[in-house]
A.B. asks: 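Sharing a structure, written as C-alpha cells. Questions coming.
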Amino acid sequence: MSTLRVNLAERSYDIVIGSGIAERIADYVQEWSPTSHVALITDETVEELHGDRLAGHLTEAGHEVDVFAVPPGESSKSADFVIELWESLLDQGTDRGTVVVAVGGGVVGDLAGFVAATFTRGLRFVQIPTTLLAQVDSSVGGKVGINLPGAKNMVGHFWQPTGVLIDVDLLATLPPREFAAGMAEVIKYGVIMEAEFFDWIDQNQSAIADHDAEALTYIIEQSCRLKAQVVEADERETTGRRAILNFGHTFGHALEAATEYETLLHGEAVAIGMMCAARLAMSLNRVDDTFCQRLHRLLVAFELPTNLPDGIDADVLLQLMWHDKKVANNELVFVLPTRMGHVELVSEIDDDAILASMRTH
C-alpha cells in the first residue's frame with residue numbers, strides 16, 4: 001500500500017493505493033470525513049459488482065447508507081440525472097453532515113462529485129474509482145461536472161474530494177475494452193511529462209496486459225503522482241499549467257460529442273485525439289515521424305484506435321471543437337508535443353492543418 005498527498009491551498013487530501021483496501025472503506029470514510037450518513041452513488045453495473053458489498057461494510061460499521069444507482073454510460077452525466085439525484089438526496093433527508101461516496105468509473109465520479117459540490121452548497125465526498133481510467137485520471141484533481149448535448153464537461157465545478165481510495169483488485173472485473181481505454185490516459189502522462197515513464201510502459205507491455213498487480217500498482221502510482229504535480233501547481237486552471245493534461249482531448253471531446261457519447265469510450269476518443277495531435281505537431285515541424293510511430297505502436301499494442309471511425313466528418317469535428325472549453329480569445333488551443341515528455345500550448349493554427357491531421361490514415 002502507498003499513500004500520495006495532494007497539497008492544495010483550500011483542501012489537501014490523500015490518495016491511498018493498494019490491494020484489498022476497499023474492504024476498509026468504513027475506516028477511511030471515518031478518517032477522512034467523519035459522518036453517520038453516507039450517500040453512496042454508483043451505476044447499476046458497479047452496484048452489483050462492488051457497490052452493494054461496500055455499502056454493506058459501511059452499514060456494518062454503523063453508518064446509515066443510502067445507495068443511488070444511475071444507468072451506466074456517458075449519458076448519465078446529464079442535467080436530468082443531476083436533478084434526479086438532488087431530489088433523491090432531499091427525500092432521504094441528506095444534510096451538510098452527509099458524505100457522498102462515489103463508487104464507479106469516471107462518469108460516476110464526475111456526476112457524484114458535481115452533485116456533492118452543489119447540494120446544500122457543498123457536501124464532502126470520497127472517490128473510490130473502479131476503472132483504470134478513473135483511477136489514474138478523473139478521480140484525482142477535483143474536476144467534476146456534466147455534459148451538454150453538444151459539449152463535453154461544459155457544466156461543472158472544482159470540488160476536491162476528502163480522499164481517494166484506489167484498490168487495484170477492483171480492476172479484476174473490468175472488461176478488456178475498458179482497461180485499454182484507461183491505458184490511453186496512462187500513456188498520456190508519459191507523452192506530456194515523463195519520457196522515462198513512457199519507456200517503462202513500452203518495455204512492460206506484457207506485465208500490464210496480464211494485470212500483474214505490481215505493474216498495475218506502479219502505473220497507477222506514477223500516473224497519480226504526475227497528475228498531482230500538475231494539480232498542485234494549477235488547481236483551478238489559472239496559470240495554464242493544468243491545460244497540458246488535455247493532450248488529445250480537444251480532438252477527443254469533439255469525437256465523443258459527434259458520436260453522441262455512445263460509440264467511443266473516453267479513453268478511445270483520447271487515443272485517437274493524441275494521434276491527431278501528434279500528426280498535427282509533425283506537420284508543424286514540432287516532432288518527427290519517429291515520435292508519431294512510437295506513440296502509434298504503443299496505442300495499438302493496447303488495442304486502442306488511432307484513426308477517426310468510419311462515417312465521421314472531420315469538418316463536423318472542427319466545428320464541434322469551437323464549442324470546447326479550451327477555446328480562448330476566439331482561438332482554438334491545442335496541446336502539442338515538442339519531444340517525448342514535453343508539450344506546449346499552441347494556437348493560431350490553420351484550419352487546413354487541423355483537418356489534415358484528422359484525415360491522415
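Values below: every heavy atom of this structure, side chains too, minus hydrogens, waters and symmetry copies.
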A.B. asks: Please check: side-chain N/O of Thr118 versus main-chain N/O of Phe114, any donor-acceptor pairing under 3.5 Å?
C.D. replies: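 Checking the backbone N and O of Phe114 against the side chain of Thr118, a donor-acceptor pair under 3.5 Å is found.
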A.B. asks: Using the rule that two of Ile, Leu, Val, Met, Phe, Trp, Tyr join whenever any of their side-chain heavy atoms come within less than 4.5 Å, decide whether Met193 and Leu4 are in one cluster.
C.D. replies: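 Cluster IDs for Met193 and Leu4 match.
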A.B. asks: Under 30°, 30 to 60°, or over 60°: which ring-plane class applies to Tyr218 and Phe197, parallel, tilted or perpendicular?
C.D. replies: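 Rings of Tyr218 and Phe197: perpendicular, as their planes differ by over 60°.
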A.B. asks: Name all pairs fulfilling the salt bridge (charged side-chain N to carboxylate O under 4.0 Å, His left out) condition that reach into residues 77-96, sequence neighbours left out, sorted by first residue then second.
C.D. replies: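 Salt bridge (charged side-chain N to carboxylate O under 4.0 Å, His left out) check on residues 77-96 returns Glu74-Lys77, Lys77-Asp110.
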A.B. asks: Excluding sequence neighbours, so at least two apart, what forms side-chain hydrogen bond (donor to acceptor under 3.5 Å, both in side chains) with Thr338?
C.D. replies: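 His342.
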A.B. asks: Kindly compute the distance separating NZ (Lys152) from NE2 (His249), expressed to the nearest 0.5 Å.
C.D. replies: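 Going from NZ on Lys152 over to NE2 on His249, the span is 8.0 Å.
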A.B. asks: How close do Asp43 and Val108 get, heavy atom to heavy atom, and via which atoms?
C.D. replies: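 Nearest heavy atoms, Asp43 then Val108: N-CG2, 3.8 Å.
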A.B. asks: Is the shortest side-chain N to carboxylate O distance from Arg177 to Glu268 below 4.0 Å?
C.D. replies: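 Judged by the 4.0 Å cut-off on N to carboxylate O distance, Arg177 and Glu268 do form a salt bridge.
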A.B. asks: With a 4.5 Å cut-off on side-chain heavy-atom distances among I, L, V, M, F, W and Y, is there a chain of contacts connecting Ile219 to Leu245?
C.D. replies: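 Yes; tracing contacts between hydrophobic side chains, which count when under 4.5 Å, links both residues.
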A.B. asks: Do Val333 and Val346 have side chains that approach each other closer than 4.5 Å (heavy atoms only, starting at C-beta)?
C.D. replies: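 They are not in contact (no side-chain heavy atoms under 4.5 Å apart), so the answer is no.
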A.B. asks: For Ala228 and Val6, work out which heavy atoms get closest and say how close.
C.D. replies: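 Shortest heavy-atom contact: CB-CG2, 4.1 Å.
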A.B. asks: May I have the step-by-step check of side-chain contact (heavy atoms from CB on, under 4.5 Å) for Thr3 and Ile15, ending in yes or no?
C.D. replies: CA-CA 6 Å; Thr3 301; Ile15 306 169; over 6 Å; no
A.B. asks: Check whether Asn204 reaches the backbone of Trp200 with its side chain - one donor and one acceptor, N or O, closer than 3.5 Å.
C.D. replies: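 Looks like yes, one N/O pair under 3.5 Å.
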A.B. asks: Would you check, one step at a time, whether the test side-chain contact (heavy atoms from CB on, under 4.5 Å) holds for Met154 with Asn147?
C.D. replies: CA-CA 6 Å; Met154 187 56 69; Asn147 304 326; over 6 Å; no
A.B. asks: Would you say that Thr250 contacts Val335 through its side chain, given a criterion of any heavy-atom pair below 4.5 Å between the two side chains?
C.D. replies: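 Contact flag for Thr250/Val335 side chains = no.
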A.B. asks: Assess the residue pair Trp159 and Phe125 against the criterion (side-chain contact (heavy atoms from CB on, under 4.5 Å)); give the C-alpha distance rounded to whole Å, side-chain angles, the decisive distance to 0.1 Å, and a yes or no.
C.D. replies: CA-CA 9 Å; Trp159 191 248; Phe125 91 114; 3.7 Å; yes
A.B. asks: Working to the nearest 0.5 angstrom, can you tell me the gap between Phe179 CZ and Ile208 CD1?
C.D. replies: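 Phe179 CZ to Ile208 CD1: 7.0 Å, rounded to 0.5 Å.
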A.B. asks: Check the pair Arg294 / Asp289 against salt bridge (charged side-chain N to carboxylate O under 4.0 Å, His left out), numbers first and verdict last.
C.D. replies: CA-CA 9 Å; Arg294 289 192 69 200; Asp289 186 57; over 6 Å; no
A.B. asks: How long is the straight-line distance from NE2 of His63 back to OG1 of Thr35, given to the nearest 0.5 Å?
C.D. replies: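 So the gap between those two atoms works out to 6.0 Å.
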A.B. asks: For Gln30, I'd like to know if atom CD has over 12 heavy atoms of other residues, nucleotides or ligands within 6.0 Å.
C.D. replies: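 Yes, because the 6.0 Å sphere around CD of Gln30 holds more than 12 heavy atoms from other groups.
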A.B. asks: When you group the ILVMFWY residues by side-chain heavy-atom contacts below 4.5 Å and let the links chain together, are Ile166 and Leu226 in the same group?
C.D. replies: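 They do share one cluster, since a chain of ILVMFWY contacts under 4.5 Å joins Leu226 to Ile166.
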A.B. asks: Taking Ser19's backbone N and O only, do any of them form a donor-acceptor pair with Asp169's side chain (distance below 3.5 Å, no angle check)?
C.D. replies: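 No, the answer is negative, given that no donor and acceptor are paired below the 3.5 Å cut-off.
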A.B. asks: Verify side-chain contact (heavy atoms from CB on, under 4.5 Å) between Met274 and Phe251, making sure each step is shown before the conclusion.
C.D. replies: CA-CA 8 Å; Met274 288 194 291; Phe251 293 100; over 6 Å; no
A.B. asks: Okay, side chain of Thr131, backbone of Gly105: is any donor-acceptor separation there less than 3.5 Å?
C.D. replies: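 The answer is no, because no donor-acceptor pair under 3.5 Å joins these two groups.
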A.B. asks: Could you tell me whether the side chains of Gln160 and Tyr13 share a donor-acceptor contact shorter than 3.5 Å?
C.D. replies: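 On atom types as modelled, these side chains qualify, holding a pair under 3.5 Å.
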A.B. asks: Transitively linked via ILVMFWY side-chain contacts under 4.5 Å: Ile146 with Leu133?
C.D. replies: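 In one cluster: no.
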A.B. asks: How long is the gap from CG on Leu295 to NZ on Lys188, to the nearest 0.5 Å?
C.D. replies: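 It comes to 13.0 Å.
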A.B. asks: Please report the interatomic distance CG(Leu264) to CD1(Ile312), rounded to the nearest 0.5 Å.
C.D. replies: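 So the CG of Leu264 and the CD1 of Ile312 are separated by 7.5 Å.
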A.B. asks: Can you give me the closest heavy-atom contact between Pro337 and Phe247, atom names plus distance?
C.D. replies: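 Minimum heavy-atom contact is CD-CE1, 3.8 Å.
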A.B. asks: So, does Arg279 use its side chain to make a donor-acceptor pair with the main chain of Ser357 at under 3.5 Å?
C.D. replies: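 Yes, the answer is positive, given that a donor and an acceptor are paired below the 3.5 Å cut-off.
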A.B. asks: His50 pairs by side chain to side chain donor-acceptor pair (under 3.5 Å) with which of Glu48, Glu47, Arg53?
C.D. replies: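 It is Arg53, the one option of Glu48, Glu47, Arg53 that forms the side chain to side chain donor-acceptor pair (under 3.5 Å) with His50.
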A.B. asks: Side chain of Gln135, backbone of Pro129: donor and acceptor closer than 3.5 Å?
C.D. replies: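 Checking the backbone N and O of Pro129 against the side chain of Gln135, a donor-acceptor pair under 3.5 Å is found.
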A.B. asks: Within the side chain of Asp212, is there an N or O that forms a donor-acceptor pair under 3.5 Å with the backbone of Ala207?
C.D. replies: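 Pair absent, no side-chain N/O of Asp212 close to backbone of Ala207.
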A.B. asks: With the side chain counted from C-beta on, respond yes when Leu171 and Ile220 share a heavy-atom pair under 4.5 Å apart, and no when they do not.
C.D. replies: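 Yes - at least one pair of side-chain heavy atoms lies under 4.5 Å apart.
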A.B. asks: For the pair Arg225 and Glu194, find out whether any cationic side-chain nitrogen is under 4.0 Å from an anionic carboxylate oxygen.
C.D. replies: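 Yes, this pair counts.
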A.B. asks: I'd like to know if the side chain of Ser76 and the backbone of Pro72 have a donor-acceptor N/O pair within less than 3.5 Å.
C.D. replies: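 Flag not set: sc Ser76 to bb Pro72 has no pair under 3.5 Å.
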A.B. asks: Linking Ile, Leu, Val, Met, Phe, Trp and Tyr by side-chain heavy atoms under 4.5 Å, what else ends up with Ile128?
C.D. replies: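 Met1, Val16, Ile21, Ile25, Tyr28, Val29, Trp32, Val38, Leu40, Val46, Leu54, Leu58, Val65, Val67, Val99, Val101, Val103, Val126, Leu165, Leu170, all in the cluster of Ile128.
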A.B. asks: Count I, L, V, M, F, W, Y as connected when their side-chain heavy atoms are under 4.5 Å apart, and connections chain through other members. Are Met321 and Tyr261 then in the same cluster?
C.D. replies: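 Looking at the clustering, Tyr261 is in a separate group from Met321.
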A.B. asks: If you measure from CE on Met340 to CZ on Phe198, what distance do you get to the nearest 0.5 Å?
C.D. replies: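 Those atoms lie 4.0 Å apart.
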A.B. asks: Could you tell me which non-hydrogen atom of Pro161 sits nearest to which non-hydrogen atom of Gln127, and how far apart they are?
C.D. replies: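 Answer, listing the atom of Pro161 first, then Gln127: CB-CG, 4.1 Å.
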A.B. asks: Taking Asp66 for the side chain and Ala39 for the main chain, is one N or O donor matched with an acceptor at less than 3.5 Å?
C.D. replies: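 Side chain of Asp66 to backbone of Ala39, a donor-acceptor pair under 3.5 Å: no, none is there.
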A.B. asks: Determine yes or no for a side-chain-to-main-chain donor-acceptor pair under 3.5 angstrom, with Lys143 supplying the side chain and Phe158 the backbone.
C.D. replies: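 Checked: no pair found.
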